[in-house]
Amino acid sequence: MLPLYERIDKLCKDNGTNITQMCKIAGVQRSALSDFKSGKNKTISFANLQKIADYFNMPVNELVNGKTAEQKKDEITFDDFTYAMYDHAKDLREDEK
């Protein structure tokens, strides 16, 4: 399973909900995550990532990277970011990422 999807699933479980309920409350189509999980879609839109992050009261970068900025300060990578945001990130230079 994809690391980002696993992270979202774990956040749901840790908060006593499931992905379907979270999507409904956050205003994200459940199919967006189902298609991402199955590989039908290689990305999740930034708008949907923002809604999910808002639902969990965290910044998008923490949702995508799985750790707070403080925890990641010495090990920042953009693998998950680039994968999740491929359509948006592909046009960014490395320094813009």
Side-chain angles (χ1 to χ4, degrees):
M1 195 178 308
L2 301 170
L4 178 58
Y5 186 89
E6 288 177 346
R7 220 175 278 112
I8 294 168
D9 187 46
K10 183 175 181 337
L11 283 166
C12 287
K13 289 175 182 171
D14 290 349
N15 285 276
T17 191
N18 60 48
I19 288 183
T20 301
Q21 282 184 311
M22 181 277 299
C23 285
K24 185 175 182 178
I25 294 168
V28 175
Q29 289 186 354
R30 177 63 173 98
S31 61
L33 286 174
S34 296
D35 291 347
F36 180 65
K37 178 183 178 185
S38 71
K40 183 176 179 181
N41 287 337
K42 302 286 185 210
T43 63
I44 299 176
S45 73
F46 183 79
N48 282 338
L49 284 174
Q50 185 65 63
K51 289 176 185 179
I52 295 167
D54 288 347
Y55 177 87
F56 292 113
N57 195 30
M58 64 175 48
V60 172
N61 68 329
E62 186 176 332
L63 175 68
V64 171
N65 291 317
K67 295 183 179 180
T68 65
E70 183 63 28
Q71 292 170 318
K72 292 285 285 182
K73 70 181 179 185
D74 294 328
E75 56 177 292
I76 294 176
T77 66
F78 289 97
D79 293 341
D80 283 341
F81 174 81
T82 302
Y83 184 77
M85 301 295 295
Y86 178 74
D87 287 335
H88 303 287
K90 68 182 177 185
D91 296 326
L92 296 176
R93 296 185 318 260
E94 284 300 313
D95 62 317
E96 291 175 319
K97 292 178 186 177

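What you see below is based on every heavy atom in this structure, not just the backbone, and it leaves out hydrogens, waters and symmetry mates.
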query: Would you say the side chain of V28 lies within less than 4.5 Å of the side chain of I44, judging by non-hydrogen atoms?
result: no

- request: To the nearest 0.5 angstrom, please state how far the CG atom of N48 sits from the OG1 atom of T43.
  value: 9.5 Å

task: Determine the minimum heavy-atom distance between D35 and S38, stating which atoms define it.
output: O-OG, 3.2 Å

statement: Value for CD (Q50) from CG (L63), rounded to nearest 0.5 Å, stands at 9.5 Å

- prompt: By side chain to side chain contact (heavy atoms under 4.5 Å, CB included), which residues pair with S34, not counting sequence neighbours?
  reply: R30

query: Got a sec: does the CG of N57 have more than 12 other heavy atoms crowding it under 6.0 Å?
result: no

task: Step by step, work out the side chain to side chain contact (heavy atoms under 4.5 Å, CB included) result for T17 and Y55.
output: CA-CA 12 Å; T17 191; Y55 177 87; 3.7 Å; yes

- prompt: Less than 4.5 Å apart, any side-chain heavy atom of M58 and any of L11?
  reply: yes

message: Please report the interatomic distance OG(S31) to NZ(K40), rounded to the nearest 0.5 Å.
response: 8.0 Å

message: Heavy-atom count check: over 12 atoms from other residues, nucleotides or ligands less than 6.0 Å from Q21 CD?
response: yes

statement: Separation between CG (L49) and CZ (F36), nearest 0.5 Å, reads 8.0 Å

statement: So CD1 of I52 and CG of L4: to nearest 0.5 Å the spacing works out to 7.5 Å

L33 side, atom CG; N41 side, atom CG - distance, nearest 0.5 Å: 10.5 Å

query: Side chains of M22 and F56: does their closest heavy-atom pair fall under 4.5 Å?
result: yes

